[in-house]
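Bear in mind the structure is a predicted one, so any value in this text is a computation, not a measurement. The first residue of the sequence shown is numbered 1, and numbering continues consecutively from there. As the structure lists them, so they are numbered: ligands from 1, and atoms in each ligand from 1.
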Amino acid sequence: MSKSTEPNLKFALSAYLKRHHAEICRHWFDDIEPGEVAGGVLKLVVHDQIQLRYLQRSCSEQFTEAAQSVTGRLLAIQFVGSEDQVPGKVREAPLLDSVARAQEATLPPIEQTLLSPDYTFESFVVGPCNRLAHAAALAVGDRPGRTYNPFFVHGGLGLGKTHLLQAICQRLLRQRASTSLCYISCASFADHFHDAVRAGTVTEFRGRFRSVDVLVVDDIHFLSKRDQSQEEFFHTFNALYQAGKQLVLSSDAAPSEIPDLENRLVSRFNSGLVVRMERPCFETRVNIVRTKANLHGMSMDDALASFIATRVEGNVRELEGALMKIRLLSSSTGRPVAMDLVRESLRDHVVTGVSEGQHTIQDITEAVVQFFGVRLTDLLGKRRHKSIALPRQVSMYLARRLTRLSLEEIGGYFGGRDHSTVLHAIRTVEFKRTADAHLSGGIALIERGLGVDEPATTAGDAPAQQLGRVG
Ligand code: ADP
Ligand code: MG
C-alpha cells in the first residue's frame, strides 16, 4: 500500500479533466482530495455525500481516464467519503440512510433520481420571475409538511423547476440527514409501479412510497390517464397528505391545464400552494450567466455576461448551451474568454440553434404538406380524419420545435385548437418518434429539408418535456 504523495497529482488530474472533459468540471472538484493508492486503486476522497454519490454515478469514467493518463499507470479510481467529515456537512449518506432503513424493513430500496450537486439554493439566482417560487421552496425545505402542502411549481422548459425541487431535497437532507425523502421523476414512479404490478409486489411498492416523510415528484404532467399509475399516484398522494407528509410537485402546466389529469388530482394539487415560474428578465439572466460561469470555473466580467444575456433570450438552458460553446471554443483554441471569442461562439449559437426563430410556421406547414401529400386547407382546418391527424400533429410538433410560437399561438394557427391539443400532439409525435422508425425517418427528412442542423434526439431530456413548455 503506498500513499499517493505526489503533490501535483491533484493539479494534474484537474488540468487533464479541464482539457479533455470540460463539460463535467465544476468548481467544487477542487475539494476532491487524491488519497492512497492500494492494489492499483487510487482513492479520491469527497467530503460531501451528495457530491460523492453524484461523482460515483456520473464521473467515474472520466476520472479513471484522467488518473491513467497523468500517472501512466493502469489505475482504477474509487470515490470514497472522508473519515472525518467537515463540520456542517452531512455525516452519513442521507440517501443511503433511507436505503438502509428500507432494507431493515426487508424492502428493496427505491431507485431514486440522482440529485445534482449543482442544483442548490446557493446556486439558484432569484429574480422577479421566480421570487415567489424560491421563497416558498425555502420554506418547504426548512419546515416540511408545515407550510405549503402540497407545493406545486409549474412553468415552461428550462426555467428552473428541477433545480428548485432538488434544492429543496438537498436542503432537507443537509439539515436533517434522517429525513426519509424520495425524489423521483414521474416517469420513474410509473415505471416502478409497472414493475411492481408485473412482479406481484404492489404491496411492497405502496409500503415504500407511503412511508416517506417527503415525496418530491418532478414532471408530474407525465401522469397519463390511460395508465393505472395515475390512480396509484392519487392514493399515494392521499396517504402521505393525510399523514401530514410533505409533497412537492413540478409540471410544465398548471394543474387544471395538464391534459389527461383527473379532476380529483387537479383539486388535490390546487389545495396547496401553486406557483408559476416565468422566463427570467434581463438582469436575472445576467446573474445566471455569472453564476453558471463561476460554477464551471470560467472568468466572466459584467460586460461579457450582459452581452450573452442580451444575445441569448430564451430559457436558462439556452444560456447554459451558449456558455458551454464559449467554454469549448476557449479550451479548444487556448484563447481567453473575451469579447471576440464570445461573439464568435454566439454567432454559431444563432446559426445552429433550432429555437432561434429562423423558421416560420408557413415553411413548416409547406414542408409537411409536401411530405405527406395532404392539402394545406385540411391541415389548417377542423377536420378530424385520421389521414390528416398525423400530419397536423407533426406540424404542431415542428412548429413548437423550430419557432418561438407559444402553444396557444400554434393551436390558433391550426384551426383554433387549444393549447392542450397542441401539447398532446407534441407528446404523441415525440413518443412515435421513438417507437416508429418510419415516421422518425420521415420527420428527419422534413427537418433536413428545412435546414435544421441538430435534429432532435431522444437521449437525455425528454424532448416532449422541452417542447411542452407553456408560454
Ligand atoms: P426545468 O426543470 O424548469 O425545465 P431546470 O431546473 O432543469 O428547468 O433548469 C435548466 C437549467 O437552468 C439548469 O441547469 C438550472 O440550473 C438552470 N437554471 C434555471 N433557473 C435558474 C436560476 N434561477 N438560477 C440558476 N440556474 C437556473
Ligand atoms: Mg425539469
Min N/O separation [X] to ligand 1 under 3.5 Å:
X	answer
Leu157	no
Ile288	no
Val316	no
Phe124	no

Looking at the Mg ion (ligand 2), is one of the N, O or S atoms of Thr162 less than 2.8 Å from it?
yes
Numbering the atoms of ligand 1 from 1, which are under 4.0 Å from a heavy atom of [X]?
X	value
Val125	22 (C), 23 (N), 24 (N), 25 (C)
Lys292	14 (O), 15 (C), 16 (O), 17 (C), 26 (N)
Gly156	3 (O)
Gly160	1 (P), 3 (O), 5 (P), 6 (O), 8 (O), 9 (O), 19 (C), 20 (N)
Asn130	23 (N)

Using a strict 4.0 Å threshold on nitrogen-to-oxygen distance, state whether [X] and [Y] make a salt bridge.
X	Y	result
Arg343	Asp340	no
Asp118	Lys292	no
Arg335	Glu344	yes
Lys10	Asp31	no

Side chain, backbone, both or neither: which applies to [X] and ligand 1 if a contact is any heavy-atom pair less than 4.0 Å apart?
X	result
Glu320	side chain
Ser123	backbone
Asp118	neither

Look at atom 7 (O) of ligand 1 and find which of Arg317, Lys161, His163 reaches it with the closest heavy atom.
Arg317
May I ask whether Gly158 places a heavy atom under 4.0 Å from ligand 1?
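Gly158 counts as a contact of ligand 1 under the 4.0 Å cut-off.
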Search all heavy atoms of Leu329 against all heavy atoms of Ser345 and return the closest pair with its distance.
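Heavy atoms only, the tightest pair is CD2-CB, 3.9 Å.
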Minimum-distance pair of heavy atoms, taken over all atoms of Ile446 and Ala367
CG2-CB, 3.8 Å
Give the ring-plane orientation class for Phe121 versus His134, where under 30° counts as parallel, over 60° as perpendicular and anything between as tilted.
perpendicular
Should we count [atom1] of [X] as having more than 12 external heavy atoms under 6.0 Å?
X	atom1	answer
Phe431	CZ	no
Glu33	CD	yes
Glu23	CD	yes

